[in-house]
Amino acid sequence: MASPSSSPAPPPPESAPLDFIRQIVAEDLASGKHPFVVTRFPPEPNGYLHIGHAKAICLDFSLPLEFPGEGGRSRCHLRMDDTNPEKEEVEYVESIKEDVRWLGFDFGGHFYNASDYFDFFHDCAVHLIRTGKAYVDFQSPEEMKANRGTLTEPGTPSRWREATPDENLAEFARMRAGEYPDGHCVLRAKIDLASPNLNLRDPALYRIVHAEHHHTGNRWCIYPMYDYAHPLEDAKEEVTHSLCTLEFEAHRPLYDWVIANCPVPAKPRQIEFAKLQLTYTLISKRNLRRLVEDGVVDGWDDPRMPTLAALRRRGFPPAAIRAFCQLIGITKFHSRTDLGLLEKCVRDALNKSVPRYFGVLRPLKVTVTNWPAGHVEMIEAVNNPELPELGSREVPMSGELWIEQDDFMEDPPKEFFRLGPGREVRLRYAFNITCTEVIKDDQGRVVELKATYDPDSRHGGRKVKGIIHWVSAAHARAVPVRLYDRLWTVEEPTGDVAAELNPHSLETLPAAMVEPAVAAMAPGDRCQFERLGYFIADTKDSRPGAPVFNRIVGLKDSWAKVAAKK
RNA sequence: UGCCCCGUGGUGUAAGGGUAGCACAAGAGAUUUUGGUUCUUUUAGUCUUGGUUCGAAUCCAGGCGGGGUAGCCA
């Protein structure tokens with residue numbers, strides 16, 4: 001399938017100051033604590049990756065590029081954290097791989113599944129039981145919760161807490177053998193029921209789940225909990241720096257406890273950073289799932305979604321997302337980044353890479369009354385003023401044109417530089433025209449303009465302030481265009497669809513008029529429609545010779561700002 | 001309510017005892033056959049109160065504010 005081009009992440013510039021995580025990594029390398037670094041990106045295959053994951057991916061995968069270490073052995077693993085058979089599906093695994101590759105990162109042969117370590121987890125559990133550090137608890141979930149205590153009071157021990165290692169070993173074997181139904185008992189760590197950190201009040205290590213696992217099938221009916229499995233996964237892979245988001249901070253003592261009490265080949269260090277939040281955007285998987293299931297959007301890859309699949313389809317270049325992630329930095333405090341910064345990164349990437357064409361979104365007919373009947377003139381137009389090597393093309397010009405409705409005002413203010421009755425503007429790369437007549441329909445709507453052109457203005461002519469784009473009506477091709485806007489109307493959406501959803505997040509224009517060259521664009525091709533914005537031929541809905549366009553992002557529009565002030 | 005983490009221009013972030021810097025946004029101007037791009041420029045900040053120090057955004061204490069945390073989710 002055609003997919004908007006990807007490009008590998010280049011080695012990063014060595015100018016930016018180091019964030020606190022990079023400082024730690026640099027120190028660990030300098031001190032000789034580690035000869036090279038190993039990181040990992042460990043998504044749970046239960047949904048699609050989103051822009052928040054991109055922040056983590058860029059961090060995890062950039063570190064080995066920035067700190068190659070001894071013999072260039074630094075690396076980043078891609079690992080499916082698939083310890084919950086009830087939530088995970090194999091189809092997500094492929095989309096996750098695709099998204100990581102699309103972002104420009106290479107995990108080489110370092111693709112792993114936590115479920116490949118199930119035997120190891122089991123052996124460690126047996127070790128914990130033997131050393132008296134874990135026990136099988138038959139309390140119901142409700143009892144366990146009640147006996148966990150409160151924020152101010154310690155928990156009370158389960159009556160199974162003092163069972164002997166042999167008894168626990170036997171019970172754990174029964175759990176594993178499938179002798180008990182779901183929820184009948186759990187394996188718990190024996191740590192400290194009075195700990196001020198609730199995570200240390202004898203946390204569950206294993207639960208019984210009789211469910212088929214997408215990767216291990218029916219081999220297991222007990223599954224490890226995140227807090228137990230994750231440190232073991234990291235240690236197994238000899239990860240040096242295990243980076244995760246802030247909500248796992250309180251879990252770190254448990255992470256360290258597992259590492260300290262199990263026979264592991266390495267001692268990874270967990271470091272937490274703040275997850276990404278964006279204005280006008282809801283990122284959490286739970287919310288995205290709801291939008292999809294409720295039909296608010298048209299699937300996980302609806303271009304209004306913040307999933308990587310959607311951003312790809314929307315036309316965001318991976319390099320822009322990488323640049324964005326580098327710009328926002330890594331910290332430990334909660335913040336919310338301006339969505340405009342992401343869009344700015346997208347514009348920057350596209351400005352310097354993509355050809356320009358003429359396209360008229362909302363066409364208004366202009367008849368040039370003094371144009372020689374039937375005459376067609378080929379006009380040379382530059383493909384990208386930033387990239388002279390992209391050359392130029394010829395655009396046909398005739399006496400009947402489409403221009404943008406927004407480029408005409410019947411009663412324009414003085415700061416409006418475009419067309420109005422009696423006003424003169426330049427048709428970009430072509431001629432100056434002067435509006436001589438405004439034709440309206442029964443309801444008083446402007447339906448056509450008549451104008452005269454200045455034949456001497458082919459390569460200059462009178463200097464005018466307004467320059468507009470245009471398309472020859474006889475040569476124009478009609479294409480569907482979708483204009484996307486932010487999904488939410490408030491800076492910090494809560495997910496209240498009725499109150500906060502942007503009713504104009506998608507506007508579909510069935511027939512925009514574009515110059516002939518545009519019709520030849522292949523799915524995934526991007527361009528700028530001059531003066532309007534950047535567009536991509538949709539990879540899903542385009543047909544050969546009949547592209548359907550998505551607006552990636554609009555151009556900066558300083559006229560809109562002036563107009564808004566009035 | 002306990003414990004833990006965190007507070008720097010509007011926003012995102014540097015500086016980790018010695019000139020508060022950068023980017024985005026906003027404003028002004030220049031250039032421009034895209035009201036784009038580019039360039040110049042202006043505005044604007046260390047939560048608070050004490051303490052240590054010749055000197056504190058930085059170290060210490062209290063306060064205030066924000067966040068996390070009591071799944072057999074991750």
Side-chain angles (χ1 to χ4, degrees), chain A residues 16-20 23 42-44 46 81-84 86-88 137 139-141 144-146 148-155 182-188 195-199 201 203-209 222-223 225-227 229-230 244-253 272 274 279 285 324 327-338 340-345 347-348 351-352 356 358 381-382 384-386 415-418 426-430 432 459-461 463-469 491 528-533 554-563:
Chain A
L18 302 184
D19 57 66
F20 77 100
Q23 281 175 31
E44 181 185 18
N46 70 342
D81 202 4
D82 54 352
T83 56
N84 186 345
E86 293 183 306
K87 289 192 175 175
E88 296 144 12
D137 193 352
Q139 291 184 111
S140 68
M144 256 183 75
K145 183 179 163 73
R148 188 153 26 231
T150 68
L151 294 176
T152 50
E153 306 154 53
D182 287 6
H184 188 69
C185 55
V186 293
L187 182 72
R188 293 179 79 177
S195 173
N197 183 340
L198 290 292
N199 294 123
R201 318 251 264 225
L205 266 26
Y206 265 98
R207 76 280 207 186
I208 299 172
V209 182
I222 55 172
Y223 289 90
M225 301 290 294
Y226 169 87
D227 281 326
H230 208 86
C244 63
T245 46
L246 248 26
E247 67 267 29
F248 294 103
E249 203 159 23
H251 297 244
R252 185 168 8 110
E272 311 84 14
T279 55
K285 235 186 237 181
F324 172 74
L327 229 38
I328 58 176
I330 302 289
T331 67
K332 290 197 71 158
F333 40 86
H334 298 269
S335 59
R336 189 174 293 265
T337 301
D338 188 343
L341 190 60
L342 213 206
E343 294 175 342
K344 153 96 176 149
C345 290
R347 284 191 204 99
D348 281 352
N351 178 42
K352 287 172 287 190
R356 268 116 239 238
F358 287 159
V382 174
N384 186 329
E386 310 290 315
E415 44 291 80
F416 184 79
F417 304 150
R418 284 105 97 149
R426 182 156 192 87
L427 298 179
R428 175 148 230 238
Y429 295 129
N432 285 12
H459 297 285
K463 197 87 175 160
V464 290
K465 199 108 192 218
I467 299 165
I468 65 173
H469 59 279
E491 280 206 353
Q528 180 193 111
F529 288 157
E530 291 221 16
R531 303 209 305 134
L532 297 174
L555 250 31
K556 190 159 89 178
D557 187 351
S558 36
W559 160 245
K561 252 185 258 178
V562 175

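Chain A is the first sequence line, chain B the second, and so forth, proteins listed ahead of strands; every chain is numbered from 1.
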May I ask which nucleotide in the shown strands pairs with [N], Watson-Crick or G-U wobble, both distances under 3.5 Å?
{"N": "B/G2", "value": "B/U69"}
{"N": "B/G9", "value": "none"}
{"N": "B/U58", "value": "none"}
{"N": "B/U41", "value": "B/G27"}
{"N": "B/U32", "value": "none"}

Length of the [atom1]-[atom2] vector between [X] and [N], whole Å:
{"X": "A/L151", "N": "B/U69", "atom1": "CG", "atom2": "P", "result": "12 Å"}
{"X": "A/L342", "N": "B/A25", "atom1": "CG", "atom2": "P", "result": "13 Å"}
{"X": "A/F324", "N": "B/U11", "atom1": "CZ", "atom2": "P", "result": "16 Å"}
{"X": "A/L532", "N": "B/G36", "atom1": "CG", "atom2": "P", "result": "13 Å"}
{"X": "A/D19", "N": "B/C22", "atom1": "CG", "atom2": "P", "result": "20 Å"}
{"X": "A/R336", "N": "B/G67", "atom1": "CZ", "atom2": "C1'", "result": "13 Å"}
{"X": "A/E343", "N": "B/A23", "atom1": "CD", "atom2": "C1'", "result": "16 Å"}
{"X": "A/L198", "N": "B/G68", "atom1": "CG", "atom2": "P", "result": "15 Å"}

So, is [X] close to the [N] phosphate, meaning a side-chain N or O under 4.0 Å from OP1 or OP2?
{"X": "A/T83", "N": "B/C73", "value": "no"}
{"X": "A/S335", "N": "B/U13", "value": "yes"}
{"X": "A/T337", "N": "B/U11", "value": "no"}
{"X": "A/K87", "N": "B/A74", "value": "no"}
{"X": "A/R347", "N": "B/G36", "value": "no"}
{"X": "A/S195", "N": "B/C3", "value": "no"}
{"X": "A/R207", "N": "B/C73", "value": "yes"}
{"X": "A/R148", "N": "B/G71", "value": "yes"}
{"X": "A/Q23", "N": "B/A14", "value": "no"}
{"X": "A/K556", "N": "B/U37", "value": "yes"}

Heavy atoms from C-beta onward define the side chain here; which of [options] lies closest to that of [X]?
{"X": "A/N84", "options": "B/C73, B/U33, B/U1", "value": "B/C73"}
{"X": "A/K332", "options": "B/U34, B/C3, B/C6", "value": "B/C6"}
{"X": "A/E247", "options": "B/A74, B/G35, B/G36", "value": "B/A74"}
{"X": "A/K145", "options": "B/U34, B/G71, B/G35", "value": "B/G71"}
{"X": "A/H334", "options": "B/C72, B/G67, B/G35", "value": "B/G67"}
{"X": "A/D81", "options": "B/U1, B/A74, B/U34", "value": "B/A74"}
{"X": "A/I467", "options": "B/G67, B/G35, B/A70", "value": "B/G35"}
{"X": "A/K561", "options": "B/A74, B/A26, B/U33", "value": "B/A26"}
{"X": "A/E249", "options": "B/A14, B/C5, B/U34", "value": "B/C5"}
{"X": "A/R428", "options": "B/C72, B/U33, B/C73", "value": "B/U33"}

Rounded to the nearest 0.5 Å, how far apart are [atom1] of [X] and [atom2] of [Y]?
{"X": "A/R347", "Y": "A/L555", "atom1": "CZ", "atom2": "CG", "answer": "7.0 Å"}
{"X": "A/F358", "Y": "A/F529", "atom1": "CZ", "atom2": "CZ", "answer": "12.0 Å"}
{"X": "A/H469", "Y": "A/E530", "atom1": "NE2", "atom2": "CD", "answer": "9.0 Å"}
{"X": "A/R188", "Y": "A/M225", "atom1": "CZ", "atom2": "CE", "answer": "11.0 Å"}

**Q.** Pairwise 5' ranking along RNA chain B for A/D348 and A/N197, keeping only the more 5' one
**A.**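 It is A/N197 whose nearest nucleotide is closer to the 5' end.
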Q: Tell me which of A/I328 and A/A560 sits closer to the 5' end of RNA chain B, going by the nucleotide each one is nearest to.
A: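 Closer to the 5' end of RNA chain B: A/I328.
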Q) Got a donor-acceptor pair under 3.5 Å from the side chain of A/Q528 to the base of B/U34? A)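 Such a pair is found, so the answer is yes.
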Q: Please evaluate the base of B/G36 for a donor-acceptor partner in the side chain of A/E386 within a cut-off of under 3.5 Å?
A: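 Such a pair exists between side chain and base.
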Just checking [X]: base, sugar-phosphate only, or nothing, at a heavy-atom cut-off of under 4.0 Å?
{"X": "A/F358", "answer": "nothing"}
{"X": "A/H459", "answer": "base"}
{"X": "A/A204", "answer": "sugar-phosphate"}

Q) Has A/F333 got its ring stacked on the base of B/G67, with centres under 5.5 Å and planes less than 30° apart? A)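 The ring of A/F333 is not stacked on B/G67.
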Q.
Less than 4.0 angstrom from a charged side-chain N to a carboxylate O is my criterion; do A/D557 and A/K561 meet it?
A.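 Looking at A/K561 together with A/D557, the answer is no, because their closest N to O distance does not fall below 4.0 Å.
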Using atom [atom1] in both nucleotides, what's the gap between [N] and [M] to the nearest angstrom?
{"N": "B/G9", "M": "B/C4", "atom1": "P", "result": "26 Å"}
{"N": "B/C47", "M": "B/U31", "atom1": "C1'", "result": "43 Å"}
{"N": "B/A26", "M": "B/G45", "atom1": "C1'", "result": "16 Å"}
{"N": "B/A56", "M": "B/A20", "atom1": "C1'", "result": "12 Å"}
{"N": "B/U11", "M": "B/A25", "atom1": "P", "result": "16 Å"}

Q: I would like to know whether A/R336 and A/E491 meet salt bridge (charged side-chain N to carboxylate O under 4.0 Å, His left out); could you show each step before the answer?
A: CA-CA 9 Å; A/R336 189 174 293 265; A/E491 280 206 353; over 6 Å; no
Which atom pair, heavy atoms only, marks the closest approach of [X] to [Y]?
{"X": "A/F20", "Y": "A/E272", "value": "CZ-O, 3.2 Å"}
{"X": "A/R201", "Y": "A/T150", "value": "NH2-O, 2.6 Å"}
{"X": "A/E44", "Y": "A/K87", "value": "OE2-CB, 4.0 Å"}

Q. Backbone N or O of A/T279 within a donor-acceptor pair of the A/D338 side chain at under 3.5 Å?
A.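 No: the side chain of A/D338 does not pair with the backbone of A/T279.
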Q) Is the base of B/G71 syn or anti, where syn means the angle lies within 90° of 0? A)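 The base of B/G71 is oriented syn (glycosidic angle within 90° of 0).
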